[in-house]
Amino acid sequence: MPDAFIDSSVLIGLYFRHAGERAACEACLPAGGNRVSSQYIIFEIARGFLRSLLEIHNASFEYKRFSDFHMAAYSGARRFKPYQMATWLGAMTDFMAALEQQNVVIAEPQKLDLFRAMIRKMIQRGWKQLLNGCHLIDNISCQKNIPDPILNPDGRVTQALPLADCGKPNTCGVQSFIAQRNPMVQSLIQHLATLPKKQKGNDTDTKHIPGLQHLLGVALGAAFEGKKCHQCGDALICLEAPAGSIIATKNRGDFEPLAGFLSKTLSVATTATTTVGLSTGSTKRVSFPFRLWRSAVNWVKSRFGDKRVF
């Protein structure tokens, strides 16, 4: 069976989201194949999704009620950061789904504390699964030693990502990776530029093409703008995907024009329509991870006592 080369969108669904999303992402993986991802994809998750998850955990200390915090997710600067806003709202959806599935009634003053405890456990558990759930390749030679998230004395969780090292030749292997595939990358850029608009992904003209052009235009061994690498991440993932593997993603629009030209096969996961997952061939519910939920509940109980929580 072919291996699944799993991109960031599916890894997030598998290891950080509710039961329905986990089931939807599992369904797109070829049966019997190995699960493969890459160091580049892990770093992409760390500097994107996980950083937003850390932000929502730490920002929760600024509020006293979960309902006020929920309203804040729709306002302010987050309206101009759609990815961050989607991460925040997704985490809140997962929390409310967990309350419903576990049939637990939480008093409003304690709901925010339980939410924060759940997010903290989700970060800890999800990060470990992310590193251990797949065989990781590193053809791009991306950041090799990403620090783990840590809990600080003030209760906030941080992760010291080496973002300043992006684009530095001594810490980043993207230039060498691109140089080895120079003719292929040039052909890919030409292909993307000539596609009809309706066949282009949302990021083709604004990110993929400029990002790849920037990486091609910098001399091997010279520093480049690290964010340009981030902008063409989907293209780099398609280039890195091992021959014969199936790329598992939720991002059909941007991956199809890339994978089609590079003769890579896609398997697209659909977004779940329910927070409740179903096991294969039955109607058994796949609930929120019990140990994760119970650990969060026990933390709140230890702080407030049983009577104030339930």
Check: I119 and V157 side chains under 4.5 Å, non-hydrogen atoms: no
Calculate, to the nearest 0.5 Å, the distance between atoms CD and CG belonging to E256 and D234 respectively. 12.5 Å
Parallel under 30°, tilted from 30 to 60°, perpendicular over 60°: which one fits the rings of F95 and F115? perpendicular
Looking only at atom types and distance, does a side-chain atom of K264 sit under 3.5 Å from a main-chain N or O of A241, one as donor and one as acceptor? yes
Answer whether the closest heavy-atom distance between the side chains of I237 and S38 falls below 4.5 Å. no
When rounded to the nearest 0.5 Å, the distance separating CE of M118 from CD1 of I123 is 9.5 Å
Value rounded to 0.5 Å, distance of CZ in F224 from SG in C229: 5.5 Å
For A259 against C238, the heavy-atom pair lying closest together: N-SG, 4.1 Å
To the nearest 0.5 Å, what is the distance between NZ (K207) and CG (N202)? 9.5 Å
Treating E21 as the side-chain partner and A272 as the backbone partner, does any N or O pair qualify as donor plus acceptor under 3.5 Å? yes
Ignoring hydrogens, what is the shortest heavy-atom contact between P2 and P30? Give both atom names and the distance. O-CG, 3.6 Å
I would like to know whether Q175 and L215 meet side chain to side chain contact (heavy atoms under 4.5 Å, CB included); could you show each step before the answer? CA-CA 7 Å; Q175 283 179 299; L215 295 178; 5.6 Å; no
Around K228, counting heavy atoms of other residues, nucleotides and ligands shown, do more than 12 lie under 6.0 Å from its NZ? yes
Residue pair Q39, I146: steps toward the side chain to side chain contact (heavy atoms under 4.5 Å, CB included) verdict: CA-CA 9 Å; Q39 191 68 18; I146 306 174; 3.6 Å; yes
ILVMFWY network linking L151 to M122, side-chain heavy atoms under 4.5 angstrom: yes
Can you tell me if D203 uses its side chain to pair, donor with acceptor, with the backbone of C232 under 3.5 Å? no
Atom NZ of K144: over 12 foreign heavy atoms under 6.0 Å: yes
Cation-pi check, R65 to Y63: give yes when NZ or CZ is under 6.0 Å from the six-membered ring centre and within 45° of the ring axis, no otherwise. no
Rounded distance (nearest 0.5 Å) linking atom CG of L236 with atom CD1 of I178: 5.0 Å
For R156, does its backbone N or O pair with a side-chain atom of N152 as donor and acceptor, under 3.5 Å? yes
In the structure I gave you, are the side-chain heavy atoms of L112 and K64 within less than 4.5 Å of one another anywhere? no
Is a side-chain donor or acceptor of S267 paired with a backbone partner of I246 at a separation under 3.5 angstrom? no
Would you indicate whether the side-chain heavy atoms of Q159 and W127 approach each other to under 4.5 Å? yes
Show the nearest heavy-atom pair for residues L192 and H208, with the distance to one decimal. CD1-CB, 4.4 Å
In short, I6 meets I41 closest at the heavy-atom pair O-CD1, 3.4 Å
Working to the nearest 0.5 Å, report the span between NE2 of H214 and CD of E225. 5.5 Å
Start with the C-alpha gap between R35 and L14, add the side-chain angles, then the distance that decides, and say whether side chain to side chain contact (heavy atoms under 4.5 Å, CB included) holds. CA-CA 12 Å; R35 299 186 179 192; L14 289 173; 4.2 Å; yes
Between F43 and L163, does a side chain to side chain contact (heavy atoms under 4.5 Å, CB included) hold up when you go through it step by step? CA-CA 10 Å; F43 189 56; L163 293 172; 3.8 Å; yes
Can a side-chain donor-acceptor contact be found between S9 and D7 if the only test is distance below 3.5 angstrom? yes
Counting C-beta onward and ignoring hydrogens, is there a side-chain heavy-atom pair between F16 and L50 closer than 4.5 Å? yes
Can you find a heavy atom in the side chain of F177 that is under 4.5 Å from one in the side chain of C142? no
Which heavy atom of F261 sits nearest to which heavy atom of M184, and what is that distance? CE2-O, 4.3 Å
Taking side chain as C-beta onward, heavy atoms only, is I56 less than 4.5 Å from T87? no
H135 side chain to N34 main-chain N or O, any donor-acceptor pair under 3.5 Å? no
Please tell me if the side chains of N139 and Q180 come closer than 4.5 Å, counting only heavy atoms from C-beta onward. no
Looking only at atom types and distance, does a side-chain atom of S245 sit under 3.5 Å from a main-chain N or O of D3, one as donor and one as acceptor? no
On a heavy-atom basis, the closest approach of C134 and S37 is CB-N, 4.0 Å
